[in-house]
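Presented below is the structure to which this report refers.
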Amino acid sequence: MSNHEAILEINDLSVAYGTAKGDVLAVQDLNLRVLPNEIMGLIGESGSGKSTLAYAVMRLLKGSARVVKGSIRILGRDIYAMDKEELRQFRWANLSMVFQSAMNALNPVLTVETQIIDTLLSHRPQLSKSEARDKAYELVDLVRIDRSRITSYPHELSGGMRQRIVIAIAIALEPSLVIMDEPTTALDVVVQRSILDQIKEIQQRAQFSVLFISHDFSLVSQLASRIAIMYAGRVVEVTKARSLMDPEVAHHPYTEGLWRAIPKITGKSVALEGIPGTPPNLLRLPSGCAFHPRCRYAFEPCRTMRPLLQVVEGSEISCHRFVPEEIHHGQ
Ligand code: SF4
């Protein structure tokens with residue numbers, strides 16, 4: 001696939017936060033592509049840089065955060081080269097985001113109906129009010145909310161319903177890419193499951209791409225077709241979700257550790273193993289491979305040389321274990 005076919009293309013991206021102790025790179029030298037009509041999962045522990053990446057893609061970085069290197073293209077367009085008005089139009093028509101807290105995304109003093117209609121009319125002024133209302137009803141049908149609830153205010157709805165409304169608004173303008181940042185984390189497990197099923201169903205019906213960000217590996221592996229795993233601001237692996245179930249397929253030691261920590265329904269009781277240690281302080285990243293203090297396979301080059309992403313059995317993995325020995329000696 002050539003580069004322009006990707007819906008989202010991130011090249012060599014670094015994002016820094018300015019602090020009193022100097023710049024901290026929350027995202028470093030990151031490359032990632034999301035393809036048309038795919039659900040791509042982005043996994044990482046807290047502090048891995050995954051939410052910073054989402055905000056960078058939306059061009060919503062706040063405070064001292066800024067892109068220091070690289071580019072982000074959506075549908076082939078560099079979003080950091082757009083002026084404010086171009087970005088405003090582009091963001092809703094081609095790109096939208098669902099945040100963790102639905103309450104923050106909705107206006108508490110407007111009904112759901114008004115909020116959906118306002119979104120439609122502000123970007124599609126050619127629509128009549130009644131056409132926008134019809135479309136609003138279609139959208140609540142799509143996220144399986146009873147039409148009678150459309151005149152409710154956000155506080156009159158349950159957490160699950162509010163998150164469904166946020167999803168309805170995010171897809172109202174039929175964007176090509178929806179970024180979902182921990183969209184179900186605040187919800188209970190049953191509601192979470194039903195919303196995930198709906199995301200999958202709606203995505204297949206409406207045909208858009210999703211970058212689904214979460215710390216929950218089990219959940220993402222069931223939803224996404226491909227998964228990128230982030231550690232300390234870098235992508236350490238990009239793999240097909242189904243390859244995780246195949247014990248014959250090699251993975252990054254961090255991916256392996258995350259996968260081992262998930263309870264599996266096999267009928268057998270299996271002791272779960274976590275990953276020893278804690279994620280590194282971004283101000284003092286370990287040398288070489290940032291994962292080496294926690295890695296059960298660490299060997300000589302890991303402490304001094306940073307591994308690069310390379311293709312391994314259909315995945316992309318950054319780990320010295322998969323680099324032929326003669327290359328280590330040649331470096
Ligand atoms: Fe472990 Fe070394 Fe691979 Fe890093 S490069 S994940 S320390 S084996």
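Below, each value reflects all heavy atoms present in this structure, side chains not excepted, and no hydrogens, waters or symmetry copies. Counting starts at 1 for both ligands and their atoms, in listed order. Quantities reported herein were computed from a predicted structural model and do not represent experimental measurements.
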Tyr254 and His252 aromatic ring geometry - parallel, tilted or perpendicular at 30°/60° bounds: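 Ring orientation of His252 relative to Tyr254: perpendicular.
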
Metal site atom 4 (Fe) of ligand 1: N/O/S of Cys302 inside 2.8 Å: no

Over-ring placement of Arg321 relative to Phe299, 6.0 Å and 45° cut-offs: no

Atoms of ligand 1 close to [X] [distance to a heavy atom under 4.0 angstrom, numbered from 1]:
X: His252; value: 6 (S)
X: Cys289; value: 4 (Fe), 5 (S), 6 (S), 7 (S)
X: Arg321; value: 8 (S)

Glu316 bridged to Arg33 by N-O distance under 4.0 Å: no

Audit row: Gln222, Arg193, side-chain contact (heavy atoms from CB on, under 4.5 Å) steps and yes/no: CA-CA 10 Å; Gln222 291 166 50; Arg193 169 68 39 220; 3.0 Å; yes

Verdict with supporting geometry, Met245 and Trp259, side-chain contact (heavy atoms from CB on, under 4.5 Å): CA-CA 9 Å; Met245 327 283 171; Trp259 191 245; 3.9 Å; yes

N, O or S of Cys295 under 2.8 Å from atom 1 (Fe) of ligand 1: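 A backbone or side-chain N, O or S atom of Cys295 is under 2.8 Å from atom 1 (Fe) of ligand 1.
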
Protein contact of atom 3 (Fe) of ligand 1 - nearest heavy atom, named by residue and atom, plus distance: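 Sorting protein heavy atoms by distance from atom 3 (Fe) of ligand 1 puts Cys319 SG, 2.2 Å first.
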
His320 near atom 3 (Fe) of ligand 1: N/O/S under 2.8 Å: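 Coordinating: no.
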
Proximity of Tyr55 and Phe99 rings by center, below 6.0 Å: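 Yes - the distance between ring centres of Tyr55 and Phe99 falls below the 6.0 Å cut-off.
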
